[in-house]
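Heads up: the structure comes next, in structure tokens.
A quick note: this is a predicted structure, and the numbers were derived from the prediction, not measured.
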Amino acid sequence: MIPKELIPALKDLVHELVAGNFRKLERDGRAGRLTAKDLHHVLEGYGRTLIDLPDEAFQIGEAYPIEGKEDQYWAVDLDLWTLEEGRSDLTLTLTVRTTDKGVLTEIDDLHAL
């Protein structure tokens, strides 16, 4: 289950993926080590229409606290949803950090299981 305080930032990140704003995610650092081209390639190659996440996705998703950091860090695995399938085989793996400035997200990987 995903902690409630992380959900708005995760919804926003997934919405940017749905909208195809890959360059924006690359520019603002949320794409992490991936490039806009990497994100586009994975989603295009999957061949289905990515949609915004239903509330159920955050019940299914997993978040693991990462110890030993100054801020609160989480390792998050979040299944993505498509128009054609509902819950898909695509998984978004992220590092999420809660700070006094808000919740910061960074994609570690986007892959099909």
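- To the nearest 0.5 Å, atom OG1 of residue Thr93 and atom NE2 of residue His111 are 4.5 Å apart.
- Note on Leu83 and Val18: same hydrophobic cluster, where clusters join Ile, Leu, Val, Met, Phe, Trp and Tyr whose side-chain heavy atoms are under 4.5 Å apart, directly or indirectly.
- Contact detail for Glu106 and Gly29: the closest heavy-atom pair is CG-O, 3.9 Å.
- Within the model, atoms OG1 of Thr98 and CG of Asp100 stand 10.0 Å from one another, a figure rounded to the nearest 0.5 Å.
- Atom CG in Asp79 sits 9.0 Å away from atom CG in Leu53 (nearest 0.5 Å).
- Summarising the geometry of Val103 relative to Ala9, their closest heavy-atom pair is CG1-CB, 3.6 Å, with the distance given to 0.1 Å.
- At least one side-chain heavy atom of Pro3 sits less than 4.5 Å from a side-chain heavy atom of Trp74.
- Nearest heavy-atom pair, Gln72 versus Pro65, reported as atom, atom and distance to 0.1 Å: NE2-CB, 3.7 Å.
- At a threshold of 4.0 Å, the pair Asp55-Lys11 counts as salt-bridged, since one of the basic side-chain nitrogens sits closer than that to a carboxylate oxygen.
- Counting heavy atoms from C-beta on, the side chains of Arg48 and Glu85 come closer than 4.5 Å.
- Side-chain atoms of Asp38 come within 3.5 Å of backbone N or O of Thr35 as a donor-acceptor pair.
- Between the OG1 atom in Thr91 and the CG atom in Leu78 there is a gap of 8.5 Å [rounded to 0.5 Å].
- Using a 4.5 Å heavy-atom cutoff, the side chains of Leu10 and Leu92 are not in contact.
- No side-chain donor-acceptor contact under 3.5 Å links Tyr46 to the backbone of Ser88.
- The CG atom of Asp28 lies 7.5 Å from the CD atom of Glu16; values are rounded to the nearest 0.5 Å.
- Remark: Asp109 engages Arg33 in a salt bridge, criterion side-chain N to carboxylate O under 4.0 Å.
- Put simply, Ile60 and Leu80 are part of the same group of oily side chains (I, L, V, M, F, W, Y) that touch within less than 4.5 Å, one to the next.
- Residues Leu6 and Tyr73 do not share a hydrophobic cluster, defined by chaining ILVMFWY side chains whose heavy atoms lie under 4.5 Å apart.
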Give the C-alpha distance, both sets of side-chain angles, the deciding distance and a yes or no for side-chain contact (heavy atoms from CB on, under 4.5 Å) between Thr49 and Glu84. CA-CA 7 Å; Thr49 310; Glu84 297 82 4; 2.9 Å; yes
Full working for side-chain contact (heavy atoms from CB on, under 4.5 Å) between Val42 and Leu34: CA-CA 11 Å; Val42 170; Leu34 302 178; over 6 Å; no
Check against side-chain contact (heavy atoms from CB on, under 4.5 Å), Leu90 and Leu43: CA-CA 9 Å; Leu90 283 172; Leu43 293 174; 3.8 Å; yes
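- Here the closest non-hydrogen pair linking Leu13 and Thr105 is CD1-OG1, 4.0 Å.
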For a side-chain contact (heavy atoms from CB on, under 4.5 Å) check, start with the C-alpha distance between Lys24 and Arg30, then their side-chain angles and the critical distance, and finish with the verdict. CA-CA 8 Å; Lys24 178 180 179 183; Arg30 290 184 288 171; 3.9 Å; yes
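- Here the side chains of Ile51 and Thr82 are not in contact, with every heavy-atom distance at 4.5 Å or above.
- How far CG of Leu94 is from CG of Leu104: 12.0 Å, rounded to the nearest 0.5 Å.
- Although no hydrogens or angles enter the test, the distance criterion places a donor-acceptor pair under 3.5 Å between the side chain of Asp108 and the main chain of Thr95.
- You'll find the side chain of Leu50 stays beyond 4.5 Å of the side chain of Trp81, heavy atoms only.
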